Structure formats: structure tokens, C-alpha cells
4 protein chains.
Amino acid sequence: MSHNTFGHLFRFTTWGESHGPAIGCVVDGCPPGIKLSEADIQPFLDARRPGTSRFVTQRQEPDQIKILSGVFEGQTTGTPISLLIENKDQRSKDYSEIKERYRPGHADLTYDAKYGIRDYRGGGRSSARETANRVAAGAIARKILGADINIRGCVTQIGTHIVDGENWDWNEVPKNPFWCPDAKAAKDWETYLDSVRKDGNSIGAIVEVQAQGVPAGWGAPIYGKLDSDIASGLMSINAAKGAEIGSGFAAASYTGVENADEIRLGNDGQPQFLSNHSGGILGGISNGDTIVARMAIKPTSSILTAVRSITKSGDEIDVRTKGRHDPCVGIRAVPVAEAMLACVLADHKLRHRGQTGR
Amino acid sequence: MSHNTFGHLFRFTTWGESHGPAIGCVVDGCPPGIKLSEADIQPFLDARRPGTSRFVTQRQEPDQIKILSGVFEGQTTGTPISLLIENKDQRSKDYSEIKERYRPGHADLTYDAKYGIRDYRGGGRSSARETANRVAAGAIARKILGADINIRGCVTQIGTHIVDGENWDWNEVPKNPFWCPDAKAAKDWETYLDSVRKDGNSIGAIVEVQAQGVPAGWGAPIYGKLDSDIASGLMSINAAKGAEIGSGFAAASYTGVENADEIRLGNDGQPQFLSNHSGGILGGISNGDTIVARMAIKPTSSILTAVRSITKSGDEIDVRTKGRHDPCVGIRAVPVAEAMLACVLADHKLRHRGQTGR
Amino acid sequence: MSHNTFGHLFRFTTWGESHGPAIGCVVDGCPPGIKLSEADIQPFLDARRPGTSRFVTQRQEPDQIKILSGVFEGQTTGTPISLLIENKDQRSKDYSEIKERYRPGHADLTYDAKYGIRDYRGGGRSSARETANRVAAGAIARKILGADINIRGCVTQIGTHIVDGENWDWNEVPKNPFWCPDAKAAKDWETYLDSVRKDGNSIGAIVEVQAQGVPAGWGAPIYGKLDSDIASGLMSINAAKGAEIGSGFAAASYTGVENADEIRLGNDGQPQFLSNHSGGILGGISNGDTIVARMAIKPTSSILTAVRSITKSGDEIDVRTKGRHDPCVGIRAVPVAEAMLACVLADHKLRHRGQTGR
Amino acid sequence: MSHNTFGHLFRFTTWGESHGPAIGCVVDGCPPGIKLSEADIQPFLDARRPGTSRFVTQRQEPDQIKILSGVFEGQTTGTPISLLIENKDQRSKDYSEIKERYRPGHADLTYDAKYGIRDYRGGGRSSARETANRVAAGAIARKILGADINIRGCVTQIGTHIVDGENWDWNEVPKNPFWCPDAKAAKDWETYLDSVRKDGNSIGAIVEVQAQGVPAGWGAPIYGKLDSDIASGLMSINAAKGAEIGSGFAAASYTGVENADEIRLGNDGQPQFLSNHSGGILGGISNGDTIVARMAIKPTSSILTAVRSITKSGDEIDVRTKGRHDPCVGIRAVPVAEAMLACVLADHKLRHRGQTGR
């Protein structure tokens with residue numbers, strides 16, 4: 001993928017900075033005749049929205065989506081869908097002092113190195129605010145995929161606090177502010193995150209996303225592999241430091257016998273995998289089993305604790321980042337990761353149909 | 001990236017199957033005036049070549065590279081460089097019995113699901129043999145990057161046997177058949193891999209690649225991030241199940257304080273990072289520190305031990321894969337991962353220069 | 001180029017329909033540090049604007065450009081520049097009766113055939129209104145190219161009324177409502193176009209664009225040729241039916257001796273071409289001479305005279321298109337053609353710099 | 001399109017120089033399950049082959065195509081198809097004296113300006129020899145399009161000698177060495193071209209290509225328009241200086257009434273166009289009528305008559321180009337233009353199917 005565009009047949013291009021008048025996204029290549037209104041997109045944005053609990057940033061943004069083109073009389077026309085979200089709660093003065101400062105872990109230094117100029121207000125283009133666009137694009141991608149494909153995500157780890165697979169219940173996810181599928185872990189996280197926040201610190205996390213119902217055959221060798229595109233999509237999310245499919249890094253410890261997903265014939269006459277170490281992808285192509293991907297999110301770089309750094313002009317300083325920051329950005333990354341998975345799959349659905357006619 | 005092409009300005013397209021007459025690669029967008037001959041490429045192919053120790057496949061392939069275009073009087077002309085490697089040791093009969101069988105962990109089932117037809121000889125297009133092309137393209141990418149950028153890789157883990165950071169010595173890497181930077185671990189791996197092989201089993205691994213000397217400023221927000229493209233490149237390698245940058249998945253367990261790469265001013269007047277959790281990339285753009293990436297490689301799916309599967313026509317069978325397979329494909333993946341890192345960096349060097357003129 | 005995106009390194013994506021709330025454009029890959037404000041773009045839009053004389057459509061659109069992102073403190077940041085123009089004078093009722101009608105020469109029938117749905121209001125996505133976006137993108141492209149490159153255009157033919165090369169004077173172009181470089185021809189055209197308009201008819205035209213000051217070396221073999229990209233850009237303009245470079249179709253009648261652009265050494269030590277049949281491009285690469293391209297624009301399809309057609313449901317009808325249409329769309333196509341030439345050149349400037357470092 | 005790759009879903013990448021060991025092409029994105037062998041491709045190459053009459057270059061090249069990948073047991077597998085043609089009759093010594101010379105009309109000067117180096121033997125990469133690759137790719141494209149779509153081409157003009165529409169008979173095309181549809185004109189051209197050749201001169205031409213049977217609905221707004229992609233494809237052919245669709249440049253002289261393709265309902269219940277000024281494309285999308293495109297080919301730049309030029313080092317010289325050159329390159333461009341049209345259509349067939357499922 002190049003620059004600010006993601007996807008090949010179903011593709012979107014995002015624009016906008018944290019503290020500009022608005023952010024937005026142009027979705028191109030959407031099939032025609034799909035029912036679409038703002039109401040199909042808004043719930044996903046609401047799920048990603050800041051200010052919903054004390055565990056996420058307190059910035060207040062309604063994140064009201066507007067469709068400016070590509071939909072006519074309630075249906076997509078096949079032409080570009082322009083989506084726009086106004087920025088409402090920018091508070092630029094909060095950020096004025098970082099103008100000259102390179103906050104460790106942020107893109108301040110690298111944007112300056114690359115461009116020689118940066119919009120320093122709230123991270124500018126590198127702000128996680130950009131991800132609202134993907135969530136909107138992802139809502140459209142879900143419409144393309146249809147009701148038979150179920151995409152969902154959760155947080156499986158915060159710091160060293162890991163969900164217990166025995167307790168895994170997807171129904172728990174919306175019941176706590178952490179997208180946690182383990183009710184017991186959620187309780188524990190609440191206490192833990194409060195302590196992290198009070199310490200002026202932050203913490204990393206692991207996010208898992210799944211897609212059920214993807215038919216076998218989507219994907220493409222060799223550089224358009226489904227796993228390659230999913231990894232690319234997840235790694236493009238702010239603060240992501242790793243992406244894996246199926247067993248992922250754990251596969252390094254497995255033997256071939258342990259890792260083999262044995263196959264029997266299901267009652268429906270379709271191949272049935274007795275395990276899913278592959279995460280639903282073999283040779284870059286979906287095998288019909290649930291697609292499972294995970295990403296590692298680093299701890300929020302904006303912390304109240306002082307860390308050593310330098311200024312643009314080379315002075316050595318201590319940086320203490322005040323402001324309305326998520327103690328664990330992994331939490332709000334869940335709907336973003338879901339959206340990226342949806343977009344990759346929608347693109348590959350169209351690409352597969354294009355090449356094979358199926 | 002789409003289909004069989006990788007890269008945006010510096011890009012390559014590969015073709016060929018394991019048991020066809022040849023495999024090859026077209027490298028497009030290479031700058032003109034770079035000294036290049038087969039001798040610049042061959043050593044990297046020799047390093048990836050099968051049959052060099054008892055720990056890798058015994059297939060005998062000279063992997064002799066031929067340059068068919070794009071080089072004139074010893075220099076690149078800026079036009080496409082066509083590279084070709086003949087297949088010599090195909091032994092198609094070894095594979096005849098897998099025609100109808102879906103080997104667990106292989107792309108047999110998924111290629112059939114996608115295309116309705118597959119070249120079953122030696123894995124066809126999904127064979128790791130394709131990776132020789134990338135190694136060749138990577139050798140050209142290194143020439144573009146120049147001598148100041150040093151790209152190297154190693155195996156850091158085989159099964160649960162992990163190198164000891166205290167023993168890490170890059171000079172050890174070429175001295176053992178495992179690309180292992182820890183002489184003591186290499187001894188241990190020798191014993192361990194012999195046992196794995198004798199058991200008719202295989203084992204996973206983790207490969208690490210580094211690039212030293214990359215200037216700050218390469219990369220691009222948001223979907224052309226350096227880490228996104230590196231992850232995409234690594235995940236496109238056969239058997240890769242995960243990719244990470246810097247601290248990667250370990251970052252999930254870190255606090256913001258632990259994970260902060262503090263900055264001081266170096267003696268050269270350049271920013272100096274006191275740690276490298278970021279893996280040399282911030283906001284998708286290189287920060288001047290060493291770029292560090294890792295990938296997880298699953299155990300070889302071709303094992304002598306019987307595993308349950310089905311045939312194309314739906315019969316339930318046991319599959320025992322004979323043949324000349326790597327007990328640990330992670331080993332030969334090292335030069336491939338180096339090559340993909342080199343290609344991503346060469347592409348971004350040109351893209352950065354294109355946009356900014358620097 | 002694909003879908004609604006044009007360009008490779010410098011690229012833009014447009015969206016919007018004639019009668020939606022707005023149209024817009026995302027410009028990606030712009031170099032950082034370029035001074036840019038709405039005032040740099042607006043004059044070009046004003047030149048394309050409808051309602052400026054009786055020879056163009058009377059739709060009243062202020063075409064006020066807004067920059068929503070990518071510019072900070074008066075300079076481009078290297079991130080996507082989002083441009084937006086509100087639609088003000090839509091008068092949707094004017095178009096209600098064409099809902100079921102296929103107007104000959106329009107995209108009504110083909111959009112229905114492709115998508116099964118179309119926004120019939122004012123031509124929807126196929127309206128020439130989309131070209132305002134390109135003019136805006138072109139204004140940014142001019143900034144990238146710098147003051148040494150001079151891009152300008154004119155109308156050389158309306159119907160069979162052709163400008164006289166002897167009278168050619170670029171200074172005349174802004175003095176008449178036709179972008180005509182021949183004051184005498186402009187007079188003639190005024191009379192002629194009045195008669196065309198009164199007849200409820202319309203007329204075709206030829207537009208010429210030139211770029212002076214382009215250095216030798218821009219372009220790329222074989223499918224990224226400068227002439228190939230210019231032709232693609234011009235042919236993407238509404239109503240364009242042909243594109244040519246230099247002598248163009250006239251070259252078919254020339255002998256090799258006549259067509260040879262002989263070369264001598266200029267006083268500046270640079271090659272000097274004694275003629276410019278090539279239009280400044282050889283082998284897809286600029287040769288340092290003025291780039292000259294032309295496009296043929298068909299007569300406006302919306303005419304008051306009745307023409308035979310059918311409805312969506314297959315009824316045979318007569319179509320008489322009322323509304324506020326340009327009698328000769330070629331006139332307002334001039335700034336659009338200039339813009340497309342500017343965009344192609346800006347893209348190739350960056351691509352050339354990326355590959356060669358020059 | 002970028003660099004040396006053409007197409008979006010069905011795409012090909014070519015490589016090779018006139019006097020290297022071989023030229024070739026990688027065709028990516030071809031649907032699986034299509035019957036394909038060398039015998040499907042060879043006839044189209046034979047039609048383009050040099051040395052077949054005294055009106056084309058006397059270079060003797062068998063142009064024997066080899067398929068190196070992507071076909072298994074007689075069918076395409078959906079993976080890249082690598083095609084290779086060996087260069088047999090290079091005679092490099094013929095070209096040694098042009099090493100320092102800039103032949104007017106050739107890419108010698110521009111390749112040097114761009115790359116600082118060029119393979120001067122026979123034009124290197126800029127040689128029309130590259131077009132053999134497109135003809136091969138076009139043969140595969142025809143297979144994708146199927147038997148219901150008929151693509152054919154001819155020469156309609158050589159110099160000022162134009163075919164008479166009254167005499168047009170497609171059956172005449174293969175009966176003369178000029179691809180001329182008018183038997184009488186072909187006689188005339190024979191005499192005329194003999195005189196051109198004897199004068200040490202050359203002459204331009206116009207080539208027309210048509211595609212019958214293309215269903216309504218292929219193409220894409222705005223920058224992926226069918227006409228935009230056809231123009232881009234035709235203009236990428238060596239010596240092409242113009243491309244037009246339907247009435248093309250003649251449309252500039254037409255009124256809206258004259259140019260309107262009126263529509264009635266055909267006996268098959270489908271729209272029937274009473275004329276075809278549009279060339280089968282409206283708004284960038286096929287309308288179901290025959291697609292008609294034309295390109296202008298300049299006279300061969302290599303002529304025996306002396307023309308003034310300079311050398312690489314700036315000396316003023318006279319250039320007289322000996323060798324085995326086509327007196328009218330337009331003749332051999334016919335199968336190349338057919339191929340490019342076929343490739344554009346195959347790509348758009350897949351793209352249309354991908355987006356709409358039809």
C-alpha cells in the first residue's frame with residue numbers, strides 16, 4: 001500500500017489532522033446497490049469514541065459521520081463515498097508547549113526528520129484520531145462482506161494480565177469498558193488500570209480479531225497474501241508493534257506434529273479442521289476456518305512521568321506529557337483492528353471475484 | 001501490494017513454480033548507474049541454497065542466477081532487470097502421490113479452493129523455492145542502499161531453545177549452520193535438531209533482521225508506514241505466522257515508562273536513543289536508530305509422522321510426507337527476511353527522495 | 001490509473017456528484033514545505049467557473065475552495081491535502097425528467113448498465129463538475145513544478161473554425177471568453193457560437209496545452225511514458241475523444257525527413273531542436289523542448305434539438321435537453337487540460353527524482 | 001500505469017532490450033482454468049514478426065515464444081505466466097557507430113538525459129522489439145475475453161494515402177502486407193512505399209482497432225475510464241503520437257446534432273445505436289456498441305537521408321541511419337495495437353466483475 005491509501009479494488013484514502021477542522025476518508029471501489037446510511041456507520045464510531053470511560057482519553061468528540069457522496073436514495077452507486085467527521089474539541093493550547101519538544105515514543109522527531117515541518121497540535125497526522133476514518137471505512141466493508149461474515153475483536157492482554165481461555169465469552173466483551181471476553185479478568189484490569197493511571201504511567205496490550213464465515217479461496221499469492229495484507233493493515237494502526245496470524249509467535253515453539261491442523265470431512269461435506277493453528281489461512285489463502293489475527297500495542301507514549309529527551313534545536317530536556325491520554329491505547333484499538341480486518345477481507349472478496357468469477 | 005508484485009517505486013515481480021523449467025523475477029525502478037553483475041547476487045543465493053547441511057532440505061540446486069536485461073557494460077541502466085534461475089533437481093515423481101492429497105499446513109486445499117486447479121508438483125507456486133527470487137532482488141536492493149547500510153539476520157529461537165542475549169556475537173552467525181549468534185546455543189540446536197529430524201518431526205523458529213545506518217526520515221504515513229511495509233514483506237515469506245518491530249509483542253507487557261526510548265544528544269550532534277524498544281521506527285518513519293524486526297516461522301508442514309487429512313474427492317486419509325524437507329524452515333528463511341527488509345528500505349529510500357528531494 | 005485516483009507518487013483522488021452537498025479531492029504525496037493557501041488555488045477555479053459569459057453554462061457556482069488538511073502555518077506538511085468545494089446552485093428539479101431517460105452522448109445508459117443505479121441529478125458523478133477538483137489539484141502541481149515551468153492552454157479550433165498560426169499571441173488568450181490566441185478568430189467565434197446556441201445546437205473543439213521549461217529526462221519507459229500519462233490524463237476529461245502529442249495525427253502524413261526534429265548545439269551548450277514535431281517527448285521521456293499536447297472535445301451532448309433515444313424501461317422517445325449547458329464544452333476544458341498536464345508533470349518530477357536522485 | 005507494468009487486475013510487466021539475450025513478459029492476474037499453450041500465442045507473434053515482406057525490417061527473428069510458468073497440464077493456474085522470447089539476430093556491430101550519436105526522433109538523447117547511461121545497441125529498451133511482449137500478453141487477454149469478443153485492426157492511412165470507406169472489407173486485411181482493408185488502396189500503397197524506401201525516407205500511418213461484442217458496463221469513472229486506459233495503452237506503443245476513440249479529432253468539427261448517436265430498441269430488446277461517433281464508450285464505460293480506436297504513428301525515425309544532430313559530447317554531426325528499418329512502422333504496429341486493446345478490455349472485464357459481481 002502506498003502513502004495514505006489502503007487496498008487494491010476496495011480502497012480508501014484518509015486525510016486530516018488531530019486539530020484541523022475535520023478528518024475524512026474517501027472509499028473507492030465499493031460495489032453498487034448496497035444499502036448505506038450514516039446510521040450503518042455511526043455505531044462503530046461510537047464504539048471507538050473517546051471519553052466513554054475513565055480508562056480512555058477524556059477528549060470529547062461526537063464523531064458524527066457525514067456521507068458527502070457515493071450514496072443515492074439510500075444505496076451505494078459504485079462511485080467514491082466521501083466521509084467526513086468534524087473535529088470539535090481540539091483545545092490547541094494544551095499542545096502548544098510540545099512545539100519544540102520531541103516526545104519519546106511519538107513521531108515528533110521523525111516527522112521533522114522527514115518533512116522538515118510538522119503540525120504539532122495533538123500529533124497532527126500521526127494522531128490516533130485518524131483511525132476514526134478506518135472505522136468508518138470498515139463499516140462499509142462489513143456491508144460488502146454481508147451478514148454471513150462475522151468480524152469481532154477483543155483485548156486479550158493488558159500488561160502481564162492475560163485473559164483465561166477457559167473464561168472466554170464473547171458476550172462479555174460489550175459488558176466491560178475493556179473489550180475483555182473474560183469477566184474475571186475485566187475486574188482485575190479495572191483495578192490494575194486505575195493504578196497505572198494514578199502512577200502517571202501507561203501500559204501495553206494485545207488485541208485479537210476474528211472473522212467467521214470467510215469462504216475458502218480468498219487471498220492471493222505471493223505478495224498479496226491474505227496474511228500479508230492483514231499484517232500490513234494491523235501494523236498501520238498507531239502504536240502497533242507486532243501482528244500475527246493463528247498461533248503466531250507461539251508457532252516458533254511448536255513441532256510440526258503439534259502445529260498440524262488435521263482435517264476430517266464435516267457433516268456438511270466440507271473440510272473440517274480439528275484445530276486452527278493456521279488462523280484460517282494457508283499459503284496466503286483462506287481455508288474456510290475462522291480467521292484469527294492478533295496485534296501488539298505498545299503503552300501510550302504520552303505519560304505524566306518525566307522522561308529524558310531533546311528539543312528540535314538540540315537542547316536536552318525532561319518531557320512530562322500532560323493532556324487527555326488513554327492509559328492503554330490498546331482498548332480503543334479494538335474497533336480499529338476489526339475495521340482493518342473487514343477492509344482487507346472486502347478487498348480480497350472483490351479481487352477474488354475479479355480474477356476467478358466466483 | 002498486489003498479486004505477485006512487491007514495492008512501489010523499487011518493485012519486483014516474481015514468477016515460477018517449484019518444478020517448472022525455471023523461476024525468475026523482474027526488478028523494476030532500480031536507479032541507473034549502479035555496478036551490478038551476477039557475482040553481486042550469487043553469494044546471497046548460495047547462502048539460501050538447499051543441500052548445504054543436514055539441517056536443510058537435500059534437494060540439490062545450484063541456483064545459478066542469470067541477468068537477462070537491465071544491465072549494460074556492468075551497470076544498471078534504470079530499465080527492468082530480469083533475473084532467471086533454472087530448476088535443475090525437480091524429481092517430480094517424489095510428489096506424484098500428493099496430487100489428490102491435501103497435506104495439512106500446506107496450500108494444497110486453498111489453491112484448489114481458489115483456482116480449481118493447482119500445480120501439485122513440489123508445492124507449485126506456493127513452494128519456498130520462490131524465495132530465491134526475493135534473495136536476488138534483495139541483493140540489488142542492498143546495492144541501492146549502499147555500503148553505509150548494513151542488513152543482517154539470524155535465528156534467535158528454535159522451538160523453546162532461545163539464544164542468550166549475553167552470548168550474542170554477530171561473528172558467530174556464519175560459523176554454524178543455523179545462522180545462530182550464540183555459539184553455545186548453536187551446539188545445543190545441533191543436538192536438538194538431530195532429534196527432531198530422527199523423530200520424523202519438525203520445529204518452528206524466530207528470525208531476527210536488523211538494518212544499521214538507515215537515516216531518520218524514511219517511511220510514510222499512514223498506510224505506507226515503514227513498519228507496515230516490513231511486516232507485509234516478512235509475512236509474505238512462506239511459513240511466516242507473525243512479524244514484529246522492536247519490542248514487538250513484548251511491548252504489550254511494558255509500561256510507558258519502561259518502553260520509552262529516552263533521547264540525549266550524541267557526540268555527533270545527532271539524537272541518540274538510550275534504548276531501542278521502537279525498533280528504529282516512530283510513526284511509520286525511521287528515527288535513525290537500528291531497525292529491528294522479527295518474524296515467527298511455523299514448523300515445516302511436511303513431516304514423516306502421519307497426520308489426518310482428506311483427499312480432493314473427500315476421502316479421509318493419513319498423510320505422511322516423504323521427501324527432502326527442511327526440519328526447520330526458519331533456518332533458510334534468514335537470507336529471505338534480510339532480502340525483504342532490504343527491498344522495503346530501498347523502495348522507501350526512493351520514495352522519500354521522490355517526495356522530499358532529500 | 002485506477003478508479004478515481006490519478007498519479008503514482010503525486011496522486012489525487014476525487015469524489016462527489018453534480019448535485020450532492022459538495023465535491024472534493026484528496027491530494028497525496030505533495031512535497032513538504034511548499035507555501036500554499038486557498039488564494040493559490042482559487043484563481044484557477046475562477047477561470048474554470050461556470051456562468052462567466054454567455055458562451056458557457058449559466059449555473060452559478062462560487063466554487064470556493066477550502067483546504068481541510070495537509071497545510072500548517074501556510075506550508076504543506078507532506079501529508080494529504082483535502083480540498084472541498086460546496087455545491088450551491090443545484091436546482092435538482094431541472095433534472096427530474098431525465099430520471100428514466102437515456103440522453104444520447106451521456107453516460108446515463110452506461111452507468112445504469114454498469115451499476116444498475118445512478119444518481120441522475122445533473123449527471124451525478126459523470127458531470128463535468130468533477131473537473132473543478134482537478135483544477136484545484138493542478139494548482140498544487142504547479143507549485144511543485146515551480147516558477148520555471150510555465151503551463152498554459154488555449155482553444156485552437158471550434159467546429160471548422162481554426163486559429164491562424166500567423167496570428168498566434170498568448171497574450172490574447174485572457175482577453176476573450178474563448179481562450180483563443182488569435183484575436184481575429186475570437187471575433188469570428190463569437191458570431192459563430194451565438195448562431196450555434198440560437199440553433200439549440202452545440203459544437204466540438206480542440207484544446208492545446210503547453211509546458212515550457214520542463215528539463216530533459218522526465219518520464220519513464222514503457223507504460224509510464226510521459227506521453228502515455230498525458231494522453232491518459234487528457235482522455236479522462238469529460239467529452240474528450242482524442243489526445244495527441246506534438247504533430248500528433250498530422251504525423252501520419254509526414255515523411256521521416258519532414259518529421260525529423262534536427263538538433264544543433266544552443267548558445268547555452270544545451271541541445272537545441274530546430275523544430276518540435278515530437279512535442280518535447282522522445283521515447284516517453286522529455287527532451288527539454290516545450291511539451292505540446294492537444295485534445296479533441298466533442299460537442300456538448302445536452303442540446304435543445306430533439307434526438308431519438310429510449311428510456312430505462314425500453315420506450316422509444318425523443319430527447320430535448322433543456323437546462324444551463326455550455327454550447328461548447330471545449331472552452332471550459334482549457335484550465336482542466338492545463339491542470340492534468342501539471343499533475344502528470346509534477347508526478348513525473350517526483351518519480352524521476354525518486355529513481356535517479358536528480 | 002507505472003514503469004514497466006500495464007494493467008490493474010490483469011497486468012503484465014515487460015523486460016528486455018533489443019540486443020540482450022532475450023526479451024520477456026510476466027502476465028499476472030490471469031484467471032485460472034483457461035486452456036493455454038504456446039500455440040495460442042505464436043500466430044499473433046508471427047503476424048508481428050519482422051522480415052515478412054520488403055515493407056518491414058529485414059531483421060530475421062523467429063520470435064519463438066516459451067511459457068515458463070503459470071500453465072499446468074494445458075491450463076492457466078491463476079499464478080504468473082512468464083513468457084520469454086530469445087533474441088537471435090542481433091548483429092550488434094550494425095549499431096556500434098550510434099554509441100555517441102543522438103539520432104533525431106529516437107530516445108538516445110532522452111535516455112542519456114534521464115539515466116546518464118543507455119544500452120545503445122539497437123535502441124536498447126526503447127526498441128520496438130519490446131512490443132513482441134505485448135502481442136504475447138494480448139494473446140492471453142483474448143483468451144480471457146473469449147470467442148464472443150472479436151478484436152481486429154488495420155492500417156487506414158499511410159502518408160496522405162487514405163483507405164476509401166466504400167471499399168472497406170475486413171477480409172482484405174490478411175491478403176496484403178499492409179493490413180489494409182481496401183484492396184485498391186493496398187495496390188497504391190505498394191507503389192508508394194517502394195518509392196519512399198528507395199528515397200531513403202519513411203512515412204507515418206494511422207492504425208485503427210476495433211472490439212466487437214464488448215458488453216455494456218465495462219470501464220470505470222473517472223481516471224480508470226475505458227477510453228483513458230485505451231489511450232494510455234496505445235500511446236505507450238513506440239512512435240505513437242496520438243490516440244482517439246470513435247469520431248476522435250473529427251468530433252471537434254461536429255455539431256451536437258451531428259454527433260448524437262441516436263438510440264432505438266433493437267430486435268433483441270437491447271439498445272441499438274444508429275451511429276457510433278462515441279466509439280462504443282460513454283462516460284468511460286462501454287455502451288455495448290463496437291469499440292473503435294485509432295492511433296497516429298509517426299514516420300520511422302531511422303532514415304538513410306542525412307539529418308543534422310549532435311553527439312553525446314556536443315559535436316554537431318550529420319546522421320544517416322543505416323540498418324534494417326521499417327519504412328513505415330505503422331504496419332507492424334497493428335497487432336501491437338490489437339494486443340493493447342485486448343489487454344485493457346481483459347483488465348476491465350475482471351475489474352468490472354470484481355466490483356459488481358457481474
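Note that the coordinates shown come from a computational prediction; the quantities given were computed from them, not determined experimentally. Below, chain A is the first sequence line, B the second, and so on; all start at residue 1.
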Notebook entry, point to check: Roughly how far, to the nearest 0.5 Å, is NE2 of D:His3 from SG of B:Cys30?
Noted result: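 It is 10.5 Å, given to the nearest 0.5 Å.
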Item checked: B:Thr5 OG1 to D:Arg11 CZ distance, which is reported to the nearest 0.5 Å ->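 Here the rounded value is 5.0 Å.
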Next item on the list: Could you walk me through whether B:Ile117 and D:Glu73 pass side chain to side chain contact (heavy atoms under 4.5 Å, CB included), step by step?
Entry: CA-CA 10 Å; B:Ile117 178 178; D:Glu73 298 183 342; 6.0 Å; no
Notebook entry, point to check: Quick one: side chain to side chain donor-acceptor pair (under 3.5 Å) partners of D:Arg332, sequence neighbours excluded?
Noted result: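 Only D:Asp326 meet the side chain to side chain donor-acceptor pair (under 3.5 Å) criterion with D:Arg332.
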Check: If contact means a heavy atom pair closer than 4.5 Å, which residues of residues 104-115 of chain D contact chain B?
Finding: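 Within residues 104-115 of chain D, near chain B: D:Tyr111, D:Tyr115.
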Item checked: Within residues 77-86 of chain D, residues adjacent to chain B where the heavy-atom gap is under 4.5 Å ->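 Near chain B, by residue number: D:Thr77, D:Gly78, D:Thr79, D:Pro80, D:Ser82, D:Leu84.
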Margin query: So does D:Phe72 get a backbone contact from the side chain of B:Asp119, meaning a donor-acceptor N/O pair under 3.5 Å?
Written below: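 Side chain of B:Asp119 to backbone of D:Phe72: no pair is present.
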Note to self: Any side-chain to backbone donor/acceptor pair from B:Glu17 onto D:Gly70? Under 3.5 Å, distance only.
What the structure shows: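 At least one qualifying donor-acceptor pair exists.
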Notebook entry, point to check: Looking at D:Leu68, D:Val27, D:Asp28, which one forms a side chain to side chain contact (heavy atoms under 4.5 Å, CB included) with B:Trp15?
Noted result: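 Passing option: D:Leu68.
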Margin query: Could you work out, with side-chain contact (heavy atoms from CB on, under 4.5 Å) as the rule, every residue matching D:Ser228, not counting sequence neighbours?
Written below: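 Per chain and number, D:Ser228 pairs via side-chain contact (heavy atoms from CB on, under 4.5 Å) with C:Ser232, C:Met235, C:Ser236, D:Lys225.
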Next item on the list: Sort D:Arg125 into side chain, backbone, both or neither according to what part of it lies under 4.5 angstrom from a heavy atom of chain B.
Entry: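 Side chain only.
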